[in-house]
Number of protein chains: 4
Amino acid sequence: MPKVGMQPIRRRQLIDATLNAINEVGMHDATIAQIARRAGVSAGIISHYFRDKNGLLEATMRDVTAQLRHAVLSRLQRLADASPEARLRAIVDGNFDDSQIHSAATKAWLAFWASSMHQPGLGRLQQISHRRLLSTLVFEFRRTLPPAQARLAGYGLVAMIDGLWLRAALSGEPFNLEAARTLTTQFIRQQLTQAHSN
Amino acid sequence: MPKVGMQPIRRRQLIDATLNAINEVGMHDATIAQIARRAGVSAGIISHYFRDKNGLLEATMRDVTAQLRHAVLSRLQRLADASPEARLRAIVDGNFDDSQIHSAATKAWLAFWASSMHQPGLGRLQQISHRRLLSTLVFEFRRTLPPAQARLAGYGLVAMIDGLWLRAALSGEPFNLEAARTLTTQFIRQQLTQAHSN
Amino acid sequence: MPKVGMQPIRRRQLIDATLNAINEVGMHDATIAQIARRAGVSAGIISHYFRDKNGLLEATMRDVTAQLRHAVLSRLQRLADASPEARLRAIVDGNFDDSQIHSAATKAWLAFWASSMHQPGLGRLQQISHRRLLSTLVFEFRRTLPPAQARLAGYGLVAMIDGLWLRAALSGEPFNLEAARTLTTQFIRQQLTQAHSN
Amino acid sequence: MPKVGMQPIRRRQLIDATLNAINEVGMHDATIAQIARRAGVSAGIISHYFRDKNGLLEATMRDVTAQLRHAVLSRLQRLADASPEARLRAIVDGNFDDSQIHSAATKAWLAFWASSMHQPGLGRLQQISHRRLLSTLVFEFRRTLPPAQARLAGYGLVAMIDGLWLRAALSGEPFNLEAARTLTTQFIRQQLTQAHSN
DNA sequence: CATGAATGAGGATTCATTCAT
DNA sequence: TATGAATGAATCCTCATTCAT
C-alpha cells in the first residue's frame with residue numbers, strides 16, 4: 001500500500017473528510033478516528049501529514065479560505081476593466097460561490113470562527129482572510145469614494161455578506177441567492193451614489 | 001447558608017460562571033469542573049440544578065437571548081408612538097446594547113450558534129430568538145412597505161446586525177458603535193424611502 | 001464507595017502500587033492502568049490525587065527519600081552523644097536500612113536516578129536528597145577533620161554507599177550487608193585516623 | 001553512495017546517534033525516528049542493521065562496554081611489569097577515561113543500568129562487563145592479598161568507582177578527576193598495606 | 001541499500017456523570 | 001442542599017514495525 005508521492009493525495013482526502021465530518025457531526029464530534037475512517041486511512045497517518053488534529057483543522061480552514069479567495073479573484077480577473085459596481089458585485093458573488101454556500105462549507109466557516117477566538121492558529125487565518133476581503137472591497141470603493149467613506153462602505157459590505165451568509169447557515173435552508181444579491185446590490189449602489197450624503 | 005431558596009441564586013451564579021468560562025477559554029474548554037470552580041461550588045451540584053451540562057448550556061443561552069429580548073422590548077416601550085424609523089433604530093440599538101456587545105456575550109453567541117447546528121436544543125433556542133427579532137423588524141417595516149419588501153428589509157437588517165456584530169466578535173476589538181449605527185440607519189432609511197425602487 | 005477523607009489512604013495505596021510496579025516490570029512498563037489495577041482503583045483517580053503520572057512518580061520518589069531520611073535521622077537521635085565514628089556508621093546503616101535495600105526500593109532508586117537526568121522535577125528531588133545526606137556526613141567528619149578533608153571524606157563516603165548499593169541492585173542478589181559494613185567502616189576509620197596523611 | 005561496505009559505517013553512525021539521543025533527551029524519549037534523523041538516515045533502515053530498537057540499544061551498550069574494556073586493557077599493557085598498586089590505579093584510571101566520563105557516556109551507562117534490570121539482553125551485557133572488571137581487579141589484589149580479602153577489596157573498589165562515577169553523572173557537573181583519584185588511591189593503599197588488619 | 005508511507009496497538013489524559021455521605 | 005470521591009468511556013497522540021517501491 002505505501003507508495004511514493006502520496007502526500008498531496010492524502011492531504012486532499014483528509015481535508016475533504018474533515019469538511020464532511022464537520023458538516024455531518026460538527027467540529028466537536030469530528031474526531032480523528034472518524035475523519036480517518038471517512039478518508040479510508042488509519043488514524044495514525046494524520047500525525048504523519050498534519051502533525052496533530054489542530055494541524056489538520058488549520059489546513060482545512062486554509063483550504064476553505066483559499067477557495068473563497070479563488071472564487072473572488074477569478075471573477076475579478078474576468079472583469080478587469082469593468083465599473084466599480086460591477087466589480088464589487090463580482091466580489092460579493094465570489095463570496096456566494098457554490099464552493100462557499102453549500103452546507104459543509106458554511107458549517108465549517110461557522111465552526112472555525114467560533115474556534116478562532118480561542119485558538120491562535122485559526123485566529124490568524126481568520127484575520128488574514130478577513131483583511132484580504134476587506135481590502136479588496138475598500139480598494140474598489142476608493143475608486144469612487146473618499147477614504148473614510150470607502151472604509152465604512154467596505155466594512156458595511158463585509159458585514160452584510162457575513163450576515164447573509166450566517167443567516168443562511170443557521171436557518172438550515174438553502175442559501176437564498178436572489179435575496180442576497182438584491183440586498184447587496186442595493187447596498188453597493190447606495191454607497192456609490194450617495195458619496196456626499198453622509 | 002440557608003438551605004431553602006437557593007435555587008435562583010445558584011442558577012444565576014452558575015450561568016454567570018458559564019458565560020465567564022466561555023469568554024475566557026471557549027465553550028470547548030469550559031468544563032463542568034471549571035465552571036463550578038468559578039461559581040465557587042462543587043461540580044456535583046450542576047446536575048442538581050440543570051440535570052447535565054447540556055441543560056446548563058441551554059439555560060445560559062436562554063438567559064442571553066432573554067437579555068437581548070429585554071433590551072429590544074424595553075426600548076420599544078419607551079417609543080410606543082414613534083415613527084417606524086425611530087422604532088427600527090431602537091430595535092437595532094437593543095441589539096447593540098451593552099449586555100450584548102461585551103466580550104463574554106459575543107463569544108457566547110458565536111459559540112452557541114456553532115453548537116446550535118448540531119444540538120437540537122440549542123438549535124431551537126436560536127431559531128426562536130431569530131424569529132422573534134425578525135418578526136419584530138418586519139412588523140415595523142410593514143407599516144410603510146408592502147409585505148414582500150418588508151420581509152426582505154427585515155431579512156437584510158437582521159443580516160446586517162448579525163454581520164456587524166460578528167465582525168466585532170471576530171476582530172477582538174471593541175464594538176464600533178458609531179459605524180454600526182451609521183450603516184444600519186442608512187439601511188433603514190434606504191428601505192423606507194425607496195419603497196418603490198425595487 | 002466514595003467516602004470522605006480518603007486522600008491519605010488513596011495516596012499511600014497508589015504510591016505502594018507504584019513501587020511494586022516499578023519493582024516487577026520497571027518504570028517504563030509501569031503504566032497508569034497497571035498501577036491503578038494493583039491499587040484496586042480506577043485509572044482516572046490518579047489524576048484526581050496526583051494530577052498526572054509524573055506527579056505520582058514524584059510523590060513516590062519523595063516517599064522513598066523521606067524513608068531514607070527517616071532511617072538516618074532516627075538512628076542519629078539514638079546516638080546523640082556518641083563518637084563521630086559511631087554516628088557516621090549509624091548514618092551508613094540508615095542507608096542500608098531494610099526500607100532501602102529491598103528489591104522494590106533499589107530498583108525504584110535506580111529508575112528515579114536515570115529519569116532524574118531528564119525530568120526536572122525528579123532531578124530536584126534527587127539533588128535535595130543527595131545534599132542532605134552529604135551535609136549530614138560532612139558535619140560529622142568536621143568534628144575531627146579540617147574542612148577540605150571533611151568534604152572529601154563525605155564525598156567519598158557517599159560514593160561508596162551509592163556504589164555498594166548500586167552493585168547490590170544490579171547484581172540481583174540480596175544485599176551483602178556484612179561486606180558493606182566492613183568496607184564503609186574501614187573507610188570511615190581511615191579518614192578519621194589519617195587526618196594528617198593527605 | 002557506494003552500495004557495498006556500508007554496514008560498519010551505518011552501524012557506527014547509528015550507535016553514535018543513539019548515544020547523542022540518550023544524552024540529550026534520555027533513553028525513554030530516544031525514539032527510532034529521532035535517532036534516524038540524527039544519523040541522517042531513514043527510520044526504516046534501523047531494522048535492516050539492528051533488527052529492532054532493542055538490537056540497536058544492545059549494540060550501543062556493547063559499544064560502550066567495549067570502550068571501557070579497551071581503556072582499561074590498553075593502560076594495563078603499558079604497565080606489564082609494574083607493581084600491583086600501579087596496575088590497580090591504571091585500571092581505575094581506565095574507568096575514568098575521557099571516553100567514559102563525558103556526559104553522553106555517563107547518561108548512557110545509567111540508562112542502561114536501569115533498563116538492564118528488566119531487559120534480559122541488557123542485563124547480560126551489564127553482568128559480563130561487571131564481572132570482567134571485578135575479576136581484573138581481584139586478580140591484581142590477589143598478588144598481595146589472600147583470596148577472601150582480595151575479593152572484598154575488588155568488590156569495594158568497584159563500588160567506589162561506580163559510586164564516584166554515579167555521583168558525577170547525577171551532579172551534572174564535570175567529573176572531579178582529582179578527588180576521584182585521591183579517594184581510590186587511598187582505598188587501594190589501605191587495602192594493600194593493611195592486609196592483616198581485618 | 002534505502003526510503004517513507006502506512007498501520008495499529010497502547011498509553012496518558014480528560015471529563016461528564018453518579019452517588020454515598 | 002451540597003460535596004468530592006470515584007468511575008469509565010472517549011480521545012488524542014506516540015511510536016515501533018512493516019513493506020512496496
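Within every chain, numbering begins at 1; the chains are lettered A, B, ... in the order of the sequence lines, protein sequences first and strands thereafter. Any value given below was found using the heavy atoms of this structure, including those in side chains, with hydrogens, waters and symmetry copies removed.
Computed from coordinates, the B/Ile45 CD1 to F/dA2 C1' distance equals 5 Å when rounded to whole Å. Going from atom CD of D/Gln7 over to atom P of E/dC1 covers 7 Å, rounded to whole Å. Atom pair A/Arg51:CZ and F/dT14:C1' shows a separation of 11 Å (rounding to whole Å applied). What separates CD of D/Gln34 from C1' of F/dA16 is a distance of 14 Å, to the nearest Å. One can place CD1 of A/Ile9 at 17 Å from P of E/dG4, the figure rounded to the nearest angstrom. Rounded to whole angstrom, the span from the CZ atom of C/Arg11 across to the C1' atom of F/dA6 amounts to 17 Å.
Under the side-chain contact (heavy atoms from CB on, under 4.5 Å) criterion, C/Thr18 pairs with C/Ile22, C/Ile35, C/Leu56, C/Leu57, C/Thr60, sequence neighbours left out. Shown here are the side-chain contact (heavy atoms from CB on, under 4.5 Å) partners of D/Thr31, two or more places apart in sequence or in another chain: D/Ala33, D/Gln34. A search for side-chain hydrogen bond (donor to acceptor under 3.5 Å, both in side chains) contacts involving C/Asn54 returns C/Glu58, C/Gln119, not counting sequence neighbours. With sequence neighbours left out, C/His118 forms a side-chain hydrogen bond (donor to acceptor under 3.5 Å, both in side chains) with no residue at all. For A/Asp16, the salt bridge (Lys or Arg N to Asp or Glu O under 4.0 Å) partners two or more places apart in sequence, or in a different chain, are A/Arg12. Scanning for side-chain hydrogen bond (donor to acceptor under 3.5 Å, both in side chains) contacts around A/Trp113 gives an empty result, with sequence neighbours left out. Evaluation of the ring pair (Phe, Tyr, Trp, His ring centres under 6.0 Å) rule for A/His48 yields no partner, not counting sequence neighbours.
Contact annotation: A/Arg10 does not reach the phosphate of E/dA5 (side-chain N/O to OP1 or OP2, under 4.0 Å). A close approach under 4.0 Å does not occur between any side-chain nitrogen or oxygen of A/His48 and OP1 or OP2 of E/dA6.
Side-chain proximity of A/Met6 to the nucleotides F/dA2, E/dA5, F/dA5 is greatest for E/dA5.
When the C1' atoms of four end pairs are superposed on the next four at each end of the helix from E/dA2-F/dT21 to E/dT21-F/dA2, using five pairs per end, the two resulting axes differ in direction by 0°, to 10°.
Among residue pairs with one or both ends in residues 38-54 of chain D, those qualifying as salt bridge (Lys or Arg N to Asp or Glu O under 4.0 Å) are D/Glu24-D/Arg38; sequence neighbours excluded. Within the structure, no pair that satisfies the salt bridge (Lys or Arg N to Asp or Glu O under 4.0 Å) test touches residues 105-125 of chain D, not counting sequence neighbours.
Ranked by how close their nearest DNA chain F nucleotide is to the 5' end, B/Gly40 and C/Val41 are led by B/Gly40. Comparing C/Asn54 and A/Ile46 by the nucleotide of DNA chain E whose heavy atom lies nearest to each, the residue mapping closer to the 5' end is A/Ile46.
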Decide side-chain contact (heavy atoms from CB on, under 4.5 Å) for C/Thr106 and C/Leu170; before the verdict, give the C-alpha distance in whole Å, the side-chain angles of both, and the deciding distance to 0.1 Å. CA-CA 9 Å; C/Thr106 57; C/Leu170 290 173; over 6 Å; no
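Here the straight-line distance linking atom CG of B/Leu125 with atom CZ of B/Arg62 works out to 5.0 Å at 0.5 Å rounding.
D/Thr65 has its side chain out of reach of D/Phe112: every pair of non-hydrogen atoms, C-beta onward, lies at least 4.5 Å apart.
Within 4.0 Å of D/Tyr49, counting heavy atoms only, lie sugar-phosphate atoms of the nucleic acid but no base atom.
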Between the protein and nucleotides 9-12 of chain F, which nitrogen or oxygen pairs are less than 3.5 angstrom apart?
residue, atom, partner, partner atom, Å
F/dC12, OP1, A/Ile32, N, 3.4
F/dC12, OP1, A/Lys53, NZ, 3.0
F/dC12, OP2, A/Ile32, N, 3.2

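Using a 4.0 Å cut-off on heavy atoms, none of the residues of residues 109-121 of chain A approach DNA chain E.
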